[in-house]
2 protein chains.
Amino acid sequence: MPFPSSAPSHTACTGAMRSVRDSLDLLGGKWKLPIIVGLSGGPQRFKQLQREVAGITAKMLSKELKELEINGLISRHVQADAAPVAVTYTLAAYGHTLFPVIEALHQWGQLHRAHIMHAGEVVAA
Amino acid sequence: MPFPSSAPSHTACTGAMRSVRDSLDLLGGKWKLPIIVGLSGGPQRFKQLQREVAGITAKMLSKELKELEINGLISRHVQADAAPVAVTYTLAAYGHTLFPVIEALHQWGQLHRAHIMHAGEVVAA
DNA sequence: CCGTATCCTCATCGATACTG
DNA sequence: CAGTATCGATGAGGATACGG
């Protein structure tokens with residue numbers, strides 16, 4: 001069944017393609033979603049976040065956070081009064097709209113892992 | 001709320017992160033999902049598929065199809081008897097398990113487009 | 001029609017060193 | 001702690017030409 005599921009014609013998926021590509025453009029790359037996941041449990045400081053998103057370098061984390069903030073998915077708060085300056089990143093309300101996407105990816109990742117384990121089995125959705 | 005949603009502890013998202021990364025590794029890149037979408041309406045010949053997935057080159061389509069087939073998401077059928085050889089690609093049963101993922105991406109893509117209209121800012125397309 | 005071979009460019013990402 | 005600057009490797013992806 002093409003997307004959207006109630007589509008009438010053979011060229012139905014054209015519209016869905018554009019949306020999917022849009023999402024991919026914004027969320028694609030290695031780190032965007034993992035960072036969102038890392039923030040899904042609550043606000044995090046830069047260093048904490050780097051520890052949570054295993055393997056990411058400070059450079060990449062900084063760059064990705066900037067892009068995510070520009071797109072309104074997260075927000076950045078600075079506590080300038082402390083001696084070692086504290087910066088906190090928070091998942092914005094708009095960022096929470098990504099949960100269905102992440103959930104779907106999470107589910108499928110688990111399914112695929114199971115699928116690889118016993119490669120002979122047929123998988124149920 | 002961290003993933004999975006019923007998680008108990010502060011380190012809850014670690015598990016979800018792995019699954020999401022797994023999916024991203026397999027489905028990431030510019031063309032994998034668009035190709036799946038292109039096949040979601042039914043079997044397609046190579047050239048038809050290339051027309052449907054706007055902008056893809058024969059080289060990329062060939063390469064991506066190979067990877068998708070290796071991962072069991074699509075299947076390839078050759079009709080050798082015809083004069084111009086006919087090759088047909090079909091979304092495998094396992095490929096259908098990606099529908100929730102694509103649907104989520106599709107929905108969010110639309111949401112984001114509306115979000116941009118509304119906000120009047122952010123991101124040049 | 002269905003690809004493959006070759007060459008090329010450019011973005012992505014990592015490592016390291018450094019600053020406020 | 002919270003980043004930035006610089007360099008370099010890698011490979012994804014595109015253009016073109018050609019083969020089965």
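From a predicted model like this one, the values you see are computed outputs, not experimental measurements. Residue numbers begin at 1 in each chain, while the letters A, B, ... track the order of the sequences.
- Here the CG-CD1 distance, from B:L49 to B:I35, works out to 6.0 Å after rounding to the nearest 0.5 Å.
- Of the possible donor and acceptor atoms, none in the side chain of B:S19 sits under 3.5 Å from a partner among the backbone N and O of A:G109.
- Here chain B contacts DNA chain C (any atom closer than 4.0 Å to a heavy atom, that is under 4.0 Å), and the contacts span C:dC1 to C:dC7 from 5' to 3'.
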Restricting both atoms to N or O, compile the protein contacts to nucleotides 5-7 of chain D shorter than 3.5 Å, with distance only.
none

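- Atoms CD (A:E64) and C1' (D:dT4) sit 16 Å apart, rounded to a whole Å.
- For the pair B:R21 and A:K30, the minimum side-chain heavy-atom distance is below 4.5 Å.
- In summary, the side chains of A:E103 and A:Q107 do present a donor paired with an acceptor at a separation below 3.5 Å, with no hydrogens or angles considered.
- Residues of residues 84-91 of chain B having a heavy atom closer than 4.0 Å to DNA chain C, listed by number: B:P84, B:V85, B:V87, B:Y89.
- Remark: B:R76 in residues 67-80 of chain B come within less than 4.0 Å of DNA chain C through at least one heavy atom.
- Minimum atom distance to the side chain of A:A58 is reached by D:dT4, of the listed D:dA12, D:dG14, D:dT4.
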Read 5' to 3' with Watson-Crick or G-U pairs under 3.5 Å, [ ] for crossing pairs and | for partners on another strand, DNA chain D gives ||||||||||||||||||.|
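- The nearest heavy atom of DNA chain D to B:G28 and to A:R45 marks one nucleotide each, and the one closer to the 5' end goes with A:R45.
- Checked against side chain to side chain contact (heavy atoms under 4.5 Å, CB included), B:T90 has the following partners two or more places apart in sequence or in another chain: B:P43, B:S75, B:H77, B:T88.
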